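The basis for the numbers below is simple: all heavy atoms, side chains too, and nothing from hydrogens, waters or symmetry mates. Keep in mind that this is a model prediction, so the values were computed, not measured. Positions are given from 1 along the sequence.
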Amino acid sequence: MTVRVGVIGAGWIGQDHIRRLTHVITGAEVVAVTDIDTARAEEAAAGVGARAVPTGAELIALPEVDAVLVTSWGPTHAEHVLGAVAAGKPVFCEKPLATSAEDCLEIVEAEMAHGRQLVQVGFMRRYDAGYRQMKQVLGTGEIGAPLMVHCAHRNPTVPESYTSRMAALDTAVHEIDVLRWLLDDEIVSVQVLTPRATGNRHPHLKDPQIMLFETAAGVRIDLEVFVNCRYGYDIQCATVGETGVVRLPDPAAVGVRSAARHSTAVLQDWQGRFTDAFDEEFREWIAAVQAGTGPTGPSAWDGYAATVITNTTVEALESGRIVDVHLKDRPAFYTTGDAR
């Protein structure tokens, strides 16, 4: 079975996923594209022999669309995901699932009313080989119960349009999701510290930030978000257990010995760091759609939790207080899947 995919949003990430579905993943075909920029939609569609459609609602209603990919502007996600659920079509939504907890819960309730899981959220770190190896080690109990997690998310630079709130909403959201998954635990409180600011930031930006999380089981997590580190794109994660430590491996790179130095290259962007994870994420999503078993990746509930926690992190940043995270009780409808 070839899964015929309709894509809502033909910006950079939408076009990259269209390329992935067309040239990397087997079993998928992009048959329709829509974007608020009509010319961009037409260009993206023409490049893969698909049709351009005026709106997301019209795309979802097309009988030739088996599954929907949402890569549009964040505030529009809820509308399109709800439309796909109402049509009974599997839908992959890039993060965020929605920008408000209320919209996320509406999606959760609509999916439960439908009676079958249809929604997957694009948290690709769960598909990274290093994180999956960490998850396996933690699952075996080899290092005992986890006690602390030390993380860093560093970018070489960000544009002037990047705001202090985006450190949580756009950057730390990836760690927030993957840590919930790694630990099989829920984050219950957040504090944000702002150390001495780098002189390389834009004047309006608080950078770096140190985010401190506590989980329901008492695990303490510190996450350094430093988006103007200058030297490269660097993702670090180490979990300290009762009897050992498991650490995320650095990407493989050759060591060079020359001119009295031993050096190893550092990646400069997230595309290079997580391309394989993106590919595997879509490979598994398409396989699940083909099998008709429902998505096995991050669920609508995971999307809701991430939105609540990131919004709480923004509140902690702006208030200077330790802020409790208020999540609804997880419904039994959302059981554990392969990448959840």
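One N or O on the side chain of Glu242 and one on the backbone of Ala145 form a donor-acceptor pair closer than 3.5 Å. Side-chain atoms of Thr313 do not come within 3.5 Å of backbone N or O of Ala168 as any donor-acceptor pair. Put simply, the side chain of Glu29 never gets that close to the backbone of Thr2: no donor and acceptor are under 3.5 Å apart. Remark: the backbone N or O of Lys206 is paired with a side-chain donor or acceptor of Ser164 at under 3.5 angstrom. Between the side chain of Thr307 and the main chain of Ala98, a donor-acceptor pair closer than 3.5 Å is present. Under a 3.5 Å cut-off, the side chain of Thr71 and the backbone N or O of Gly9 do form a donor-acceptor pair. Side chain of Asp207 to main chain of Asn228: a donor-acceptor pair is present (N/O by atom type, distance under 3.5 Å, no hydrogens or angles). The backbone N or O of Glu94 sits less than 3.5 Å from a side-chain atom of His77, completing a donor-acceptor pair. With hydrogens and angles ignored, the 3.5 Å screen pairs no side-chain donor or acceptor of Asp35 with any backbone N or O of Thr38.
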Worked verdict on Arg321 versus Glu315 for salt bridge (charged side-chain N to carboxylate O under 4.0 Å, His left out):
CA-CA 8 Å; Arg321 298 183 291 105; Glu315 181 183 347; 3.3 Å; yes
In sequence, state the C-alpha distance, the side-chain angles, and the governing distance for Asp128 and Arg125, and then conclude on salt bridge (charged side-chain N to carboxylate O under 4.0 Å, His left out).
CA-CA 5 Å; Asp128 175 74; Arg125 292 217 189 160; over 6 Å; no
As a quick check of understanding, evaluate side-chain contact (heavy atoms from CB on, under 4.5 Å) for Ile187 and Glu214, giving each step before the final call.
CA-CA 6 Å; Ile187 292 171; Glu214 183 179 8; over 6 Å; no
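Aromatic ring orientation, Phe278 versus His17: tilted (interplanar angle from 30° to 60°).
Looking at Arg126 and Glu281, no side-chain N of the basic residue comes within less than 4.0 Å of a carboxylate O on the acidic one, giving no salt bridge. Comment: Asp302 does not engage Lys95 in a salt bridge, judged by the lack of any side-chain N to carboxylate O separation of less than 4.0 angstrom. The pair Arg283-Glu280 counts as a salt bridge, with a side-chain nitrogen and a carboxylate oxygen less than 4.0 angstrom apart. The pair Arg132-Glu284 meets the salt-bridge criterion, since a charged nitrogen lies less than 4.0 angstrom from a carboxylate oxygen. Between Glu318 and Arg165 there is a salt bridge, since at least one side-chain N of the basic residue sits less than 4.0 Å from a carboxylate O of the acidic one. A salt bridge links Arg247 and Asp250; the closest N-O separation between the charged side-chain nitrogens and carboxylate oxygens is under 4.0 Å. No salt bridge links Arg180 with Asp185; every basic N to acidic carboxylate O contact stays at or beyond 4.0 Å.
Heavy-atom minimum distance, Ile18 versus Ala44: CD1-CB, 4.2 Å. Residue Ala87 comes nearest to Ile60 through the heavy atom pair CB-CG2, 3.7 Å, listed as atom of the first residue, atom of the second, then distance.
A donor-acceptor contact closer than 3.5 angstrom links the side chains of Asp234 and Gln236. Side chain to side chain, Glu160 and His204 fail the donor-acceptor criterion of an N or O pair below 3.5 Å. For the 3.5 Å distance criterion, the side chains of His153 and Glu224 fail to qualify, holding no donor opposite an acceptor. For the residue pair Thr76 and Glu79, no side-chain donor N or O sits within less than 3.5 Å of a side-chain acceptor on the partner. For the residue pair Tyr334/Gln117, the side-chain donor-acceptor check at 3.5 Å is not satisfied. For Tyr162 and Thr171, the side-chain atoms include at least one donor-acceptor pair closer than 3.5 Å.
Applying the side-chain hydrogen bond (donor to acceptor under 3.5 Å, both in side chains) test to residues at least two apart or on different chains, the pairs with a partner in residues 4-13 are Arg4-Asp66.
The environment of CD in Gln268 is crowded: more than 12 heavy-atom neighbours from other residues, nucleotides or ligands sit within 6.0 Å. Atom CD of Gln136 is surrounded by 12 or fewer heavy atoms from other residues, nucleotides or ligands within 6.0 Å.
Taking CZ of Phe226 as the start and CZ of Arg201 as the end, the distance is 10.5 Å to the nearest 0.5 Å. From Glu106, atom CD reaches atom CG of Leu97 across 11.0 Å, with rounding to the nearest 0.5 Å. Remark: Trp270 CH2 to Ile235 CD1 distance equals 12.0 Å, nearest 0.5 Å.
Remark: aromatic rings of Phe282 and Tyr127 are distant, center separation not under 6.0 Å.
Proximity of Val68 to Val5: side-chain heavy atoms (C-beta onward) are nowhere separated by under 4.5 Å. At a threshold of 4.5 Å between non-hydrogen side-chain atoms, the residues Leu205 and Thr163 do not count as touching. Looking at heavy atoms from C-beta onward, Cys237 lies in side-chain contact with Leu179 at the 4.5 angstrom threshold.
Taking the side-chain contact (heavy atoms from CB on, under 4.5 Å) definition, one finds that Ala253 meets it with Thr264, sequence neighbours left out.
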